[in-house]
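A quick write-up on the structure given underneath.
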Amino acid sequence: VNPSSSENGGRSGGFMPSPITETPQKVDVNPPKGTRDFPPEDMRLRSWLFQNFREVSQLFGFEEVDFPVLESEALFIRKAGEEIRDQLYCFEDRGNRRVALRPELTPSLARLVLQKGKSVSLPLKWFAIGQCWRYERMTRGRRREHYQWNMDIIGVPEVTAEAELISAIVTFFKKLGITEADVGFRVSSRKVLQEVLRCYNVPEELFGRVCIVIDKLEKIPLDEIKKELKSVGMSDEAIEELLEVLSIKSLAKLEERLGTSGQVVGELKQLFALAEKFGYSEWIQFDASIVRGLAYYTGIVFEGFDRQGKLRAICGGGRYDRLLSTFGGDDIPACGFGFGDAVIVELLKEKNLLPELGLEVDNIVCSLDPELQGAAALVASTLRGKGQSVDLVLESKPMKWVFKRAARINSRRLILIGKSEWERSTVAVKILSTGEQYEVKVDELD
Ligand SMILES: Nc1ccc(Br)nc1
């Protein structure tokens with residue numbers, strides 16, 4: 001037979017080349033370094049967590065948005081020496097474009113707000129849950145991806161926006177059984193820093209860089225902090241004064257230091273007054289050393305921490321009134337937070353608050369005779385049409401196998417399609433928790 005003759009559709013005759021023409025390559029079955037698979041049991045926990053993110057966001061009237069994981073690298077290029085920049089997962093694509101896997105969601109959100117322009121009316125209350133990336137040398141063995149929940153309020157200059165965002169996070173914690181005894185929020189304002197730098201004539205354009213250095217307080221030795229501040233151009237006197245102000249842990253002391261009239265103290269006092277009204281005063285404390293590690297924050301900043309001090313920051317956020325204008329847009333006030341999917345799970349484990357999330361199926365349906373596989377499919381479809389979940393046994397299996405599977409998938413009922421019952425238009429039902437069994441007309445099955 002001519003291997004390429006037309007009647008064979010161009011396929012060869014007596015011998016068929018192996019469908020796998022490549023010699024099999026043993027692939028690494030693990031995901032790339034620093035990334036995670038989500039097998040069913042892990043995916044159930046992730047879905048549960050995200051469901052709680054969504055329910056709180058919607059409780060606060062926020063709308064869900066999303067953006068590409070891949071963005072123009074330019075969206076994340078800031079000159080302030082941020083870790084997020086140093087670890088950008090960036091590359092040149094086949095079109096010679098500089099692109100990056102997003103390290104955070106806020107710049108994408110700002111881009112979408114500017115894209116929408118006048119077609120959206122302010123304020124915008126948007127939330128997103130998205131995978132974010134960093135490229136870190138695996139020497140530290142840290143992950144390279146995580147999922148972040150963000151809530152952002154665009155177009156509200158008042159501190160009421162920050163108070164609302166913190167209220168949303170408190171609501172989320174309470175929903176999971178976490179209390180003010182477990183976690184708290186350290187709150188400050190970058191305007192505290194700005195006030196000190198202004199007194200020492202530190203140029204405005206160095207503000208972002210100074211914040212990034214200060215964010216490393218408690219993470220690197222103090223003399224390293226001082227060295228970096230000197231390299232930014234600050235005098236020894238300015239550095240000493242700055243570090244002394246940053247050690248203030250009470251609003252009253254800050255007021256003594258900066259005076260009552262300033263906007264800084266006024267905004268913070270308003271935030272703490274609103275916290276009282278929202279009912280989360282016990283959750284928050286002033287801490288002047290909090291600046292957060294993103295250059296674009298301009299005002300109130302906050303971070304959630306575990307009171308046992310065992311974990312990294314749970315979440316963080318603040319006001320970023322200049323970000324949209326740095327993207328060429330109008331000066332639109334904005335604030336938001338990011339809440340990662342990793343530290344919260346460690347906290348829930350610590351507090352023994354992880355939910356039990358087994359697979360649950362209403363029915364397992366099995367035919368006792370290959371001739372009745374169609375009948376089983378019909379019963380399965382009938383139940384599914386009534387909103388009942390069904391695991392349909394798809395091949396002839398011994399009953400021992402069926403019972404084992406029923407137990408493994410935690411099915412509530414076993415529905416057996418037998419010859420004699422089917423002739424009477426009935427099926428056999430077994431309630432697996434009690435062992436109770438009965439026969440029922442198919443159209444009465446519910
Ligand atoms: N920005 C960022 C991205 C990914 C991970 Br993991 N951590 C931080």
Side-chain angles (χ1 to χ4, degrees), residues 30-38 42-43 45-46 49-50 53 65-91 98-112 127-152 165 169 208-209 211-216 218-220 290-297 301-306 310-318 320 323 326-327 334-349:
N30 295 304
K33 277 188 182 312
T35 70
R36 298 166 291 175
D37 292 318
F38 287 88
D42 296 341
M43 194 62 205
L45 177 61
R46 176 178 132 184
L49 189 66
F50 289 14
F53 288 157
V65 294
D66 195 7
F67 330 95
V69 175
L70 186 73
E71 285 278 13
S72 161
E73 182 188 46
L75 212 56
F76 310 110
I77 300 293
R78 302 185 289 261
K79 297 177 181 52
E82 298 155 287
E83 185 182 74
I84 208 165
R85 168 81 182 83
D86 300 340
Q87 297 175 344
L88 196 58
Y89 209 131
C90 52
F91 57 96
R98 292 294 308 168
V99 290
L101 297 182
R102 65 189 177 197
E104 54 164 330
L105 301 176
T106 307
S108 299
L109 181 134
R111 176 180 60 70
L112 184 57
F127 81 95
I129 303 170
Q131 192 175 37
C132 296
W133 293 80
R134 67 181 170 196
Y135 190 86
E136 188 174 70
R137 285 185 318 287
M138 283 317 283
T139 43
R140 292 175 60 175
R142 293 201 301 174
R143 282 188 294 102
R144 285 182 173 158
E145 55 77 22
H146 72 171
Y147 284 82
Q148 239 197 33
W149 169 41
N150 280 215
M151 289 179 80
D152 290 82
L165 291 174
I169 306 174
R209 283 180 60 193
C211 290
I212 300 312
V213 174
I214 295 302
D215 184 57
K216 293 187 262 187
E218 316 293 327
K219 298 167 191 166
I220 64 175
I290 297 303
V291 290
R292 297 299 294 161
L294 293 168
Y296 50 65
Y297 287 129
V301 283
F302 54 86
E303 68 184 28
F305 69 96
D306 80 292
K310 289 184 180 172
L311 306 172
R312 304 181 307 286
I314 303 165
C315 57
Y320 53 96
L323 185 62
T326 59
F327 284 176
C335 61
F337 68 78
F339 193 122
D341 70 338
V343 179
I344 183 64
V345 170
E346 291 170 46
L347 179 70
L348 290 168
K349 280 178 186 160

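Keep in mind that what you see is a predicted model, and the values were worked out from it rather than measured. Whatever order the structure lists ligands and atoms in, that order sets their numbers, starting from 1.
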Report task. Could you tell me the residue and atom name of the protein heavy atom closest to atom 4 (C) of ligand 1, and the distance to it rounded to 0.1 Å? Result -> Cys132 O, 3.5 Å
Query - Distance filter under 4.0 Å to Glu145 heavy atoms, resulting ligand 1 atoms - result: 6 (Br)
Report task. Look at the rings of Phe53 and Phe50 and say which category their plane angle falls in: under 30° parallel, 30 to 60° tilted, over 60° perpendicular. Result -> parallel
Query - Part of Glu104 with heavy atoms under 4.0 Å of ligand 1, whether side chain, backbone, both or neither - result: neither
Query raised in the report: Is it true that Glu104 and Arg78 make a salt bridge, defined as a side-chain N closer than 4.0 Å to a carboxylate O?
Result: yes
Report summary line: Looking only at protein heavy atoms, what sits closest to atom 7 (N) of ligand 1 is Arg134 NH1, 3.4 Å
Report task. Verify, without hydrogens or angle tests, whether Arg209 (side chain) and Ala295 (backbone) share a donor-acceptor contact under 3.5 angstrom. Result -> no
Query raised in the report: Can Asp306 and Lys349 be counted as an ion pair, charged N to O under 4.0 angstrom?
Result: no
Query - Atom indices of ligand 1 within 4.0 angstrom of Arg143 heavy atoms, with elements - result: 6 (Br)
Requested in this report: Please confirm whether Pro103 comes within less than 3.5 Å of ligand 1 when only nitrogen or oxygen atoms on both sides are compared.
Outcome: yes
Query raised in the report: If you draw a 6.0 Å radius around OH in Tyr147, do more than 12 non-hydrogen atoms from other residues or ligands fall strictly inside?
Result: yes
